[in-house]
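Worksheet: the structure to be examined is printed underneath.
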Protein chains: 2
Amino acid sequence: MARVGRRPGKVDTRAQILRAARAAFDEAGYAGTSIRAVARRAGVDAALVHHFFTDKAGLFVAVMELPVDPVPAERVAVAGGSSDGERVVEGFLAQWEQGPGPGGSFRALAQGICESPRIAERMRELLAEGTWGGTGHGREVERRRSALVWSQLVGLAWARYVVGIEPLASADRAEVARWVGPTIDHYARGGLPAGLRTPTGGPQVAEAGS
Amino acid sequence: MARVGRRPGKVDTRAQILRAARAAFDEAGYAGTSIRAVARRAGVDAALVHHFFTDKAGLFVAVMELPVDPVPAERVAVAGGSSDGERVVEGFLAQWEQGPGPGGSFRALAQGICESPRIAERMRELLAEGTWGGTGHGREVERRRSALVWSQLVGLAWARYVVGIEPLASADRAEVARWVGPTIDHYARGGLPAGLRTPTGGPQVAEAGS
DNA sequence: GTCTATAATCGGATAGAC
DNA sequence: GTCTATCCGATTATAGAC
C-alpha cells in the first residue's frame, strides 16, 4: 500500500539529460550541440553529463540507443515475410517525423555519423546485428539486400529531411511510400540471380502475395 | 612573343587556397577543418582566406563549385537519352573516388550540408537548376524522377563512403552499379502514370513508351 | 593586397570539494 | 551522486601595420 506510488527520488537525472540531449541534437545537430548546452537544458551540471556518458560521442550514442531505431524498418523489409515496400517506407519516415523539427533527429544522426567515426561504427554495428534474424542461408545475398534497402531509405531521408529536395520534402508520406516502395520490394526480395534482373514487377502480377 | 609565357605573378593564391581547402575538407570533414588549417596548408595567412571567401561556409561553397559536381550523373540519367542506370551509378561513384581518401569529398560534402543551412540551400539550387535542361513538358514528373534518382545515389554514396556498410563499401564499382543500376533506370524512365505503377519491368514490356 | 597580433569566446575534459 | 572551479586548447573574426 504504502509502496505503491513510490516516487523515484532523483532517479530521473540521467533520463533528463538524455531527453535534453536528444532535443538539443535535434535542433542544433551534433557539432552545434555542446555538452554545456545539454547540461544547461537539463538543469544539471556539465560535469554530470561527463561522468554519465564519458564524452560527447558516448552521449550521442546513448541518445540514439532507445528513442529512434534506425533499422527496424529495414529489418522488417528483409526478415519479415510480408515485405511490403510501401509500408516499410512509410514506417521509416513516420519514425523520423515524431518530434517537433521535421526530421531533426535524422539530421542530427547524419551529422553525428559524419563527424564521429565512433558513431559511424556504432551504426555499422546496429545495421549488421539487426540485419538477419535467424535465416542462415544466403548470408551474402541477405547482407547485400539489406545494405541496398538501407541505402535507399537513408538516401530518401537525406533528400527529404536534410537537403529538402522537392517534391520529396513536402509530399505526403503515403505518396513518397508509393514512389519508393517498389524499389524496397525489389531490393528485399526481387530476383537477382546473378546477371541481375530489373525491378520486381509487383502488383500487376495478380496477387503479389502479402 | 614576349607576352607568350607570362607567368601570373601571384594570381594563384586564391586557387591555392581553394586546393588546400578541398584537400583539408576531404581529410577532416567540414567541422574538422579550420580556416587556419586551410591557410597553413595553402601557405598563406588565415585572414586572406577570410577576405576572399568571407566565412567558412563561403569557402566550402566555393570549393564545391568547381571540382566535383554532385549532379551530373543524375542529369545524364534524367535528361540524356541514354539512361543507362549502370553507367550512371558507375560514373557517380567514380567521381567521388578520385582523391586519396575513399570518398572523402563526399563525406566532407555531407558534413557540410548537415551543418550549414547555407550549404544545404546551395545544394538545393544546384539540384534544381541542373535537373531539366530544356524539356518543358511534365515538369512535375521530371522533378520527381530527378529527386528519386538523386535520393538513391546519395544513399548509396552514404552507405559506401560514410558509414561503410558491406558489401556496398568494398564491392567493385561495376558490381555495385549492376545492383543499383536498375533502380536508377526505373526512376529515370520507368512508367509511373498516375496511380503509379511498379518498377519498370524494363525489357519484358517491349517499348515502355517513356 | 598581404600578413601580424590580438580580441572575444567557447569548447571538452579534469580534479576535487560537498 | 552532485556540483564548483579551472585548465587547456582551438576557433572565428577584427584591427591595423607593412
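Order of the sequence lines fixes the chain letters, A, B, ..., with proteins taken first and strands second; residue numbering starts at 1 for each chain. In this text, all values refer to a predicted model and were calculated from it rather than measured experimentally.
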Whole angstrom is fine here: how far is it from [atom1] in [X] over to [atom2] in [N]?
{"X": "L48(B)", "N": "dG16(D)", "atom1": "CG", "atom2": "C1'", "answer": "15 Å"}
{"X": "D45(A)", "N": "dT14(C)", "atom1": "CG", "atom2": "P", "answer": "15 Å"}
{"X": "I35(A)", "N": "dC10(C)", "atom1": "CD1", "atom2": "C1'", "answer": "13 Å"}
{"X": "D55(A)", "N": "dG12(C)", "atom1": "CG", "atom2": "P", "answer": "10 Å"}
{"X": "R36(A)", "N": "dC3(D)", "atom1": "CZ", "atom2": "C1'", "answer": "13 Å"}
{"X": "R14(B)", "N": "dT2(C)", "atom1": "CZ", "atom2": "C1'", "answer": "16 Å"}
{"X": "F60(A)", "N": "dG11(C)", "atom1": "CZ", "atom2": "C1'", "answer": "18 Å"}
{"X": "H51(B)", "N": "dG16(D)", "atom1": "NE2", "atom2": "P", "answer": "12 Å"}

Checklist line | Donor-acceptor under 3.5 Å (R160(A) side chain, L168(A) main chain) | finding: yes

Notebook entry, point to check: Under 3.5 Å, is there a donor-acceptor pair between the side chain of D45(B) and the main chain of A47(B)?
Noted result: yes

Is [X] close enough to [N] that one of its side-chain N or O atoms is under 4.0 Å from OP1 or OP2 there?
{"X": "T13(A)", "N": "dT2(D)", "value": "yes"}
{"X": "S34(B)", "N": "dA10(D)", "value": "no"}
{"X": "H50(A)", "N": "dT14(C)", "value": "yes"}

Notebook entry, point to check: Are W179(B) and V176(B) close enough that some pair of their side-chain heavy atoms sits under 4.5 Å apart?
Noted result: yes

Next item on the list: Rounded to whole angstrom, note down the P distance from dC8(D) over to dA8(C).
Entry: 23 Å

Item checked: Value rounded to 0.5 Å, distance of CD1 in I35(A) from CD1 in I17(A) -> 10.0 Å

